[in-house]
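I have placed the structure first, in the form of structure tokens, so that the comments after it can refer back to it.
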Amino acid sequence: MKKHSYLQRFGDIELAVRNRGKGVPFVWGHSLMGSVRVEDQAALLDWSAIERHATVVRYDARGHGNSDGSYNREDYCWDRMAEDMLAVADSFIASGNAKHCLLGGISMGAATALEAAIHQPDRVCGLVLALPPTAWETRPRQSAVYRRLAWVSGLFGAAPYRLLDLLPIPVREDGRNQLALHTAKGLAQANPLHVQAALGGAAMSDMPDPAQLAQLDVPTLILAWEDDAAHPVSTAEALAETLPDVRGMVLCHPGDVSEWQLALEAFVRNVTGTTPVTRSRSGSKRTTPKPKRSRKAA
């Protein structure tokens with residue numbers, strides 16, 4: 001198996017992939033206009049702890065980071081991005097003689113993982129949805145925002161993002177602001193035509209129909225933030241109520257993402273079988289109550 005970071009071709013696209021750890025593959029997708037590097041800089045999660053229980057596979061989505069991209073917005077719709085995630089997962093399942101994998105991601109990556117799990121549920125032994133984005137009734141307004149941003153990118157290129165990168169803007173030391181800061185800095189170096197296409201694809205996308213979700217019997221962990229308009233709690237709650245096997249939902253303040261870390265480590269350990277899975281009195285397997293909400297950070 002290839003080690004660490006490299007470029008690998010999957011069909012019509014070459015993606016930048018990083019894998020570390022051992023065990024069941026855990027394929028993770030980043031947020032819209034993010035990358036593996038952006039996530040590392042934002043430091044939301046300690047992946048080294050997860051790598052003790054799974055092979056953590058992180059990659060730059062098409063048109064993001066160091067991966068290839070196209071200028072066709074339809075290539076960036078969530079169902080198309082899910083095909084890329086499954087291709088990455090299949091390459092590790094085949095090379096490691098594994099039968100299943102975990103899928104997960106943050107924001108766009110969460111939506112991508114959910115789409116991928118619906119496409120091939122038999123290949124997925126666990127699902128982690130961090131910051132599920134706007135969906136259904138809340139999606140049209142966010143789609144309009146993405147269309148406007150795509151128009152700006154097409155008109156001005158990377159100039160607005162380069163200007164933001166130069167300005168000394170004070171940013172609070174919490175997860176949400178750190179993720180936004182490093183995403184903006186990454187956009188200053190991105191191909192504006194890829195940015196325009198990716199934003200257009202996001203504007204065209206929405207979560208799967210709830211009836212499909214109700215049939216997705218895969219152990220799932222949901223991680224959410226309070227007061228985040230782009231990732232409303234309403235989406236996380238709807239998923240927790242609709243998906244059949246939600247093992248926990250952790251809702252916390254962006255300044256206390258340590259609660260995410262603890263829940264993620266426990267979930268991965270249990271799903272991969274590196275520690276025993278506890279059972280509730282009803283006999284169903286759960287790592288945390290359904291749904292579990294953390295206390296609000298001070």
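Atom set for the values below is all heavy atoms of this structure, side chains included, hydrogens, waters and symmetry mates excluded.
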Checklist entry - Can you list the steps and then say if Q8 with F10 is a side-chain contact (heavy atoms from CB on, under 4.5 Å)? => result CA-CA 7 Å; Q8 183 173 346; F10 299 93; 3.5 Å; yes
Pair [X] + [Y]: basic N to acidic O under 4.0 Å:
X    : Y    : answer
D227 : R176 : no
D40  : R18  : yes
R80  : D12  : yes
D245 : R247 : yes

Item to check | Single-linkage hydrophobic cluster, 4.5 Å side-chain cutoff, L243 and I118 together | outcome: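 Yes, it is one cluster - the side chains of L243 and I118 are joined through contacts under 4.5 Å.
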Item to check | Connected via hydrophobic side-chain network under 4.5 Å: Y6 and M85 | outcome: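 As far as the 4.5 Å side-chain criterion goes, M85 and Y6 are connected within one cluster.
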Next on the checklist: Students often mix this up, so state it plainly: with edges at 30° and 60°, are the rings of W225 and W260 parallel, tilted or perpendicular?
Outcome noted: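 The rings of W225 and W260 lie parallel, inter-plane angle below 30°.
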For [Y], is there any backbone N or O sitting under 3.5 Å from a side-chain donor or acceptor partner on [X]?
X    : Y    : value
S31  : S107 : no
D60  : A16  : no
T112 : M108 : yes
T272 : V268 : yes
T183 : L179 : yes

For residues [X] and [Y], determine if any side-chain heavy atom of one lies less than 4.5 Å from a side-chain heavy atom of the other.
X    : Y   : value
R58  : E39 : yes
Y76  : L32 : no
L102 : P25 : no
W28  : L45 : yes

Checklist entry - Can the ring centroids of H30 and H64 be said to lie less than 6.0 angstrom from one another? => result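 Under 6.0 Å, so yes.
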Next on the checklist: Would you compute the distance between atom CH2 of W47 and atom CG of L264 and round it to the nearest 0.5 angstrom?
Outcome noted: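 The CG atom of L264 is 6.0 Å from CH2 of W47, to the nearest 0.5 Å.
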Item to check | Qualifying residues under side-chain hydrogen bond (donor to acceptor under 3.5 Å, both in side chains), relative to E265, sequence neighbours excluded | outcome: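 Result, side-chain hydrogen bond (donor to acceptor under 3.5 Å, both in side chains) vs E265: Q261.
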Item to check | Listed partners of H231 passing ring-ring contact (aromatic ring centres under 6.0 Å, His included), at least two apart | outcome: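 For H231, no residue satisfies ring-ring contact (aromatic ring centres under 6.0 Å, His included) once neighbours in sequence are set aside.
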Item to check | Non-hydrogen atoms of V57 and V17 that approach each other most closely | outcome: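 Minimum heavy-atom separation between V57 and V17: CG1-CG1, 3.9 Å.
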Check: residues 203-221 side-chain donor-acceptor pairs under 3.5 Å, at least two apart:
residue: S205; atom: OG; partner: W78; partner atom: N; Å: 3.1
residue: S205; atom: OG; partner: G201; partner atom: O; Å: 2.8
residue: D206; atom: OD1; partner: W136; partner atom: N; Å: 3.0
residue: D206; atom: OD2; partner: W136; partner atom: N; Å: 3.3
residue: D209; atom: OD1; partner: A211; partner atom: N; Å: 2.8
residue: Q212; atom: OE1; partner: D209; partner atom: N; Å: 3.4
residue: T220; atom: OG1; partner: V218; partner atom: O; Å: 2.8

Next on the checklist: Name the residue from D68, L7, V88 that meets the side chain to side chain contact (heavy atoms under 4.5 Å, CB included) definition with L15.
Outcome noted: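 Only match with L15 under side chain to side chain contact (heavy atoms under 4.5 Å, CB included): V88.
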